[in-house]
Amino acid sequence: MNVLVINSGSSSIKFQLIDMDKRCTLGKGLIERIGIDGILNFQPEGGERCVRKLDIPDHKTGLDYALESITDKSSGIINNLSEIHAAAHRIVQGGAAMTGPVIITPELLKEFEKYTPLAPLHNPACLLGVSAAQVLLPGIPHVASFDTAYYSGMTEEAYTFALDYDCYEKLGYRKFGYHGASHRYVNLRAAEFLGADKTDFRTISCHIGGGVTVAASIDGEGVDTSLGYGTVCGAPMGTRSGDVDPEVILQLISRDGYTAEEVKEMIYKKSGLLGISGISSDIRDILQAIEDGNARAELALNIFTRSIRRFIGALSTSLDGRMDALIFTAGIGENSDTVRSMICKGLEISGIKIDEELNSGCRNEAVISSSDSAVKILVIPTNEEMMMAIEAVETLNNN
Ligand code: ADP
């Protein structure tokens with residue numbers, strides 16, 4: 001069975017065709033700059049990457065080009081569209097009602113629109129992708145996977161903010177949590193890798209990429225997380241601030257004359273590694289600048305790693321007294337031994353001891369803790385697309 005995984009952003013679509021019988025990717029691609037000056041990237045597995053500049057005014061045109069490249073006579077990976085048996089769509093915010101993946105019906109699509117105010121940057125783009133795919137691939141089931149579903153088992157005390165209760169009851173403000181597919185995947189893989197029982201497995205997983213989430217999981221379900229109602233809180237990220245004293249936000253508006261829009265622009269796009277360093281949101285640029293003696297870059301890295309360490313400590317208290325593994329994943333978590341090492345310094349008090357030799361240069365699935373560490377530390381490359389494809393197949397089998 002071949003599943004086409006579709007992850008739509010406001011001006012981009014990531015796609016990947018996965019053969020679920022062999023559990024392998026046949027090819028993947030990225031459509032960028034939709035509505036600006038389109039670019040299509042496509043790479044068959046083990047084949048040459050092709051990049052084309054195209055006129056891509058909307059998501060439907062972009063997806064049409066994606067399907068064309070997948071079925072291309074010379075560089076394609078399948079002969080025709082009938083070899084795509086299902087589509088799996090990423091929907092960032094599914095509200096409290098969506099506790100697992102679902103087959104998308106016209107009624108449900110309308111229901112999803114209700115969640116747009118909860119994720120205004122992400123959800124409209126996800127829905128554009130679904131609509132385009134349903135037109136271009138009408139004969140197959142389309143399954144939605146929700147980032148937020150991983151945390152649907154969070155207790156009321158974990159997801160309720162200590163605000164006037166009306167904020168929750170009347171206005172719907174609560175913690176949801178994000179990067180669910182990534183945390184679900186690395187938790188499953190970590191249990192498999194360690195030969196542990198996934199139904200009795202307690203972890204802290206750190207998704208550290210452009211966005212950062214630290215999640216506490218019991219038996220493969222999120223019980224608490226550093227991200228909240230939106231996607232800006234928790235640890236600092238590439239350009240997002242992470243937690244800020246709300247008084248600062250209030251003062252920026254009431255004392256310093258910032259508009260709400262300007263504050264939003266600052267906390268989402270001009271903060272985090274970029275904001276502190278004044279150099280870049282990319283950790284590789286920050287590490288290079290530190291080598292060149294830049295003090296602000298060093299400060300940015302110290303704040304970044306200190307904050308993630310604090311979340312690991314805080315969230316470990318949600319694991320009912322036992323932590324089996326600490327997992328690093330995503331662009332930075334998988335690739336930067338410096339960041340992993342800095343995060344772990346100070347966690348020895350929780351029985352977390354890194355082996356610097358194992359950590360050094362590690363970029364693949366591996367245990368990087370010392371033999372006397374009470375908690376296994378692992379690097380597990382994430383694969384959100386595979387997780388979505390697995391969820392789609394499971395959903396179809398259950399129906
Ligand atoms: P996104 O959240 O945008 O999907 P990724 O998980 O792809 O992000 O992570 C992007 C970040 O990963 C980049 O900003 C970069 O800092 C970091 N990164 C990628 N490759 C490397 C590498 N080889 N060494 C260190 N950091 C890396």
Side-chain angles (χ1 to χ4, degrees), residues 5-16 25 28-33 41 43 90 92 119 121-122 125-126 145 147 150 177-186 189 205-215 225-227 230-242 268-291 294 297-298 300-305 307-308 327-343 359-366 368 379-388:
V5 179
I6 298 171
N7 184 352
S8 299
S10 54
S11 64
S12 69
I13 303 173
K14 284 187 199 158
F15 60 96
Q16 191 170 135
T25 299
K28 58 177 132 180
L30 170 68
I31 295 150
E32 289 177 283
R33 302 179 65 84
N41 273 275
Q43 184 162 27
R90 178 182 181 199
V92 170
L121 297 182
H122 295 102
C126 301
S145 273
D147 271 40
Y150 185 61
Y178 296 88
H179 284 141
S182 177
H183 289 287
R184 191 187 293 284
Y185 179 81
V186 298
R189 270 305 302 152
S205 42
C206 305
H207 177 111
I208 315 174
V212 176
T213 342
V214 184
T225 167
S226 59
L227 275 188
T231 55
V232 73
C233 67
M237 315 187 200
T239 64
R240 285 172 265 175
S241 63
Y268 275 92
K269 297 192 176 151
K270 297 181 179 166
S271 297
L273 290 174
L274 173 68
I276 307 162
S277 70
I279 293 171
S280 171
S281 61
D282 192 306
I283 201 81
R284 290 165 290 194
D285 298 334
I286 301 287
L287 292 167
Q288 183 57 54
I290 294 172
E291 276 191 26
N294 186 300
E298 193 171 356
L301 183 65
N302 289 342
I303 293 172
F304 185 73
T305 52
S307 176
I308 295 171
I327 307 165
F328 287 105
T329 194
I332 300 173
E334 289 165 27
N335 291 299
S336 178
D337 41 24
T338 306
V339 169
R340 291 191 299 253
S341 168
M342 288 178 71
I343 289 172
N359 179 44
S360 176
C362 172
R363 287 189 154 72
N364 275 317
E365 272 187 357
I368 55 166
V379 176
I380 302 281
T382 193
N383 192 340
E384 289 159 291
E385 287 76 16
M386 180 60 81
M387 193 68 247
M388 288 165 60

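Keep in mind that this is a model prediction, so the values were computed, not measured. Whatever order the structure lists them in is the order used to number ligands and atoms, beginning at 1.
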Residues that Ala300 engages under side chain to side chain contact (heavy atoms under 4.5 Å, CB included), provided they are two or more places apart: Leu273, Ile276, Ser277

Tabulated below should be the N or O atoms of ligand 1 paired with protein N or O atoms at under 3.5 Å; can you produce that?
unit_1   : atom_1 : unit_2 : atom_2 : d
ligand 1 : 2 (O)  : Gly210 : N      : 3.0
ligand 1 : 2 (O)  : Gly211 : N      : 3.4
ligand 1 : 6 (O)  : Gly331 : N      : 2.9
ligand 1 : 8 (O)  : Gly210 : N      : 3.0
ligand 1 : 12 (O) : Ile332 : N      : 3.4
ligand 1 : 16 (O) : Asp282 : OD1    : 3.1
ligand 1 : 16 (O) : Ile283 : N      : 2.9
ligand 1 : 20 (N) : Arg284 : NH1    : 3.3

Test item: Arg340 and Cys362 side chains (from C-beta on) under 4.5 Å apart, heavy atoms: yes

Min side-chain heavy-atom separation Lys14-Lys28 under 4.5 Å: no

Salt bridge (charged side-chain N to carboxylate O under 4.0 Å, His left out) partners of residues 272-282, not counting sequence neighbours, each pair once: Asp282-Arg284

Identified side chain to side chain contact (heavy atoms under 4.5 Å, CB included) counterpart of Tyr178 within the set Thr225, Thr213, Val92: Val92

With a cut-off of 3.5 Å and sequence neighbours excluded, list every side-chain donor-acceptor pair involving residues 380-387.
unit_1 : atom_1 : unit_2 : atom_2 : d
Thr382 : OG1    : Ser182 : OG     : 2.8
Asn383 : OD1    : Met386 : N      : 3.0

